[in-house]
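The structure appears below as structure tokens.
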Amino acid sequence: MEVGFISHMSDSIDFAVQRVYPDSYRGYCCKNIAEKIRASTGNNTVVEQLFWKTCKTYNVSDFYGRLNTLQNEVNGNDLHWLDNIVIAKWVRAFFHKVCFNVKFIDIPDIVNWIMTNMHELPITTIIQMVHDFMQGVYGQCAVSGVNFTGKFHGLLTPYALKVLQKRFSNSDGCRVRHIVGDRYEGSKYLTTEFVQLDRDICTSGKWQKSGIPCPHAIASLQRLEIEEIQLMVNYKLTTAVYQNAYQTDIVNPIPNLMHWEIPVERVGVLPPRQFT
């Protein structure tokens, strides 16, 4: 099972995630990093925009080019702390696996809100509140998934369809040259990329990272209609997969106290050490 966890920059969750999901990927929330950049640069919107362009790059060469532009824009060592963050945790081009907009529940925000406003409640009550929140999110997504088929009458989720249509428009003006077999060369402006249709890859990195054909691939498939190109989008971005992800309206409930498993060996937990 491919699972990815995106959270704030705290690494305290790593141990638990790796223990339960050893093959999973964990990255940092770019919004969280952007907030820190905003504070470090005195709300410099130009720097923040350059950061977003840098973290959203699809290939390594583009990343280093935009990173250099970002570093030249900042004054002094405003972003020296960014060098200490593992690139693979916040840059799209270095993600180990394809990123999909399929199953998303913003648990950290609800936990932070509960801990800030209701920290005096028993931990079991807080956990139950988190459970109820997740149950509500599942219910909303399940309703949305049912509406996808009726409203859009398409194979893809609205997110995937929107991206595909945008890339379809961006493919206009792309000059294509057939190389051999399923390999093509696509050129637009001063950029040239190479597409291999049988492997669903492009040197731009967009196709393999997003699961959606890039403008160069679409231009190479210009003989096809958009409905046929939809079939080349990764199946994880289809309405069927989305509906399956939320087909159940039940999030694992918290068992009653009488059913809790009490370990034979009791372990004493000391309070956190106080540093002065």
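One is the number of the first residue; the rest follow in order along the sequence. All values below were derived from every heavy atom in this structure, side-chain atoms included, with hydrogens, water molecules and symmetry-related copies excluded.
One N or O on the side chain of N59 and one on the backbone of D62 form a donor-acceptor pair closer than 3.5 Å. For the pair T239 (side chain) and L156 (backbone), a donor-acceptor distance under 3.5 Å is absent. With hydrogens and angles disregarded, a donor-acceptor distance shorter than 3.5 Å links the side chain of T69 to the backbone of G65. Judged purely by atom type and a 3.5 angstrom limit, K188 uses its side chain to pair as donor or acceptor with the backbone of D172. Between the side chain of N244 and the backbone N or O of A240 there is no donor-acceptor pair closer than 3.5 Å.
Minimum interatomic distance between S187 and E185 (heavy atoms only, all atoms of both residues): OG-OE2, 4.0 Å. The two residues K206 and C214 have their closest heavy-atom pair at CB-CB, 3.8 Å. Across V47 and L70, no two heavy atoms sit closer than the pair O-CD1, 3.6 Å. The two residues P215 and S171 come nearest to each other via the heavy atoms O-CB, 3.4 Å.
Two residues are said to be in side-chain contact when any heavy atoms from C-beta on lie closer than 4.5 Å; V176 and V195 fail this criterion. The shortest side-chain heavy-atom distance between L161 and V233 does not fall under the 4.5 Å cut-off. Using a 4.5 Å heavy-atom cutoff, the side chains of I87 and L67 are not in contact. L164 has its side chain within reach of I229: a pair of non-hydrogen atoms, C-beta onward, lies under 4.5 Å apart. In this structure, the side chains of W90 and C29 stay at 4.5 Å or more apart for every pair of heavy atoms.
Both Y64 and W52 are assigned to one and the same hydrophobic cluster, defined by single-linkage of ILVMFWY side chains at heavy-atom distances under 4.5 Å. Y184 and V180 are members of different hydrophobic clusters when ILVMFWY side chains are connected at heavy-atom separations under 4.5 Å. With hydrophobic clusters built from ILVMFWY side chains whose heavy atoms lie under 4.5 angstrom apart, L197 does not share a cluster with F194. Both L221 and L155 belong to a common hydrophobic cluster when Ile, Leu, Val, Met, Phe, Trp and Tyr are linked at side-chain heavy-atom distances under 4.5 angstrom. Taking hydrophobic clusters as Ile, Leu, Val, Met, Phe, Trp and Tyr residues chained together by side-chain heavy-atom distances below 4.5 Å, V91 does not share a cluster with V86.
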* May I have the step-by-step check of side chain to side chain contact (heavy atoms under 4.5 Å, CB included) for Y159 and V163, ending in yes or no? => CA-CA 6 Å; Y159 160 79; V163 173; 4.0 Å; yes
* Asked: When you look at R167 and S210, which way does the side chain to side chain donor-acceptor pair (under 3.5 Å) test go after all the steps?
  -> CA-CA 12 Å; R167 293 183 179 180; S210 66; 2.9 Å; yes
* Worked check of side chain to side chain contact (heavy atoms under 4.5 Å, CB included) between E73 and V46 -> CA-CA 8 Å; E73 183 66 29; V46 174; 3.8 Å; yes
* Audit row: V74, F51, side chain to side chain contact (heavy atoms under 4.5 Å, CB included) steps and yes/no -> CA-CA 11 Å; V74 299; F51 162 75; over 6 Å; no
* To do: I would like to know whether D200 and W207 meet side chain to side chain contact (heavy atoms under 4.5 Å, CB included); could you show each step before the answer?
  => CA-CA 7 Å; D200 297 353; W207 194 354; 3.4 Å; yes
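Defined by atom type and a distance below 3.5 Å, a donor-acceptor pair is present between the side-chain atoms of R92 and Y58. Checked by atom type, the side-chain pair E193/S204 shows no donor-acceptor distance below 3.5 Å. Using modelled atom types, one finds no donor on one side chain facing an acceptor on the other under 3.5 Å when comparing E48 with N44.
To the nearest 0.5 Å, atom NZ of residue K53 and atom CD of residue Q49 are 7.0 Å apart. Atom CD of Q71 sits about 13.0 Å away from atom NE2 of H80, to the nearest 0.5 Å. Interatomic distance, D182 CG to I201 CD1, rounded to the nearest 0.5 Å: 11.0 Å. S24 OG to R26 CZ: the interatomic distance, rounded to the nearest 0.5 Å, is 9.5 Å. With values rounded to the nearest 0.5 angstrom, D23 atom CG is found 8.5 Å from Q18 atom CD. To the nearest 0.5 Å, atom NZ of residue K89 and atom CD1 of residue I33 are 10.5 Å apart.
Ring pair F63/F94 is perpendicular by interplanar angle, where above 60° counts as perpendicular and below 30° as parallel.
Around the CZ atom of R183, the shell of radius 6.0 Å holds no more than 12 heavy atoms that belong to other residues, nucleotides or ligands.
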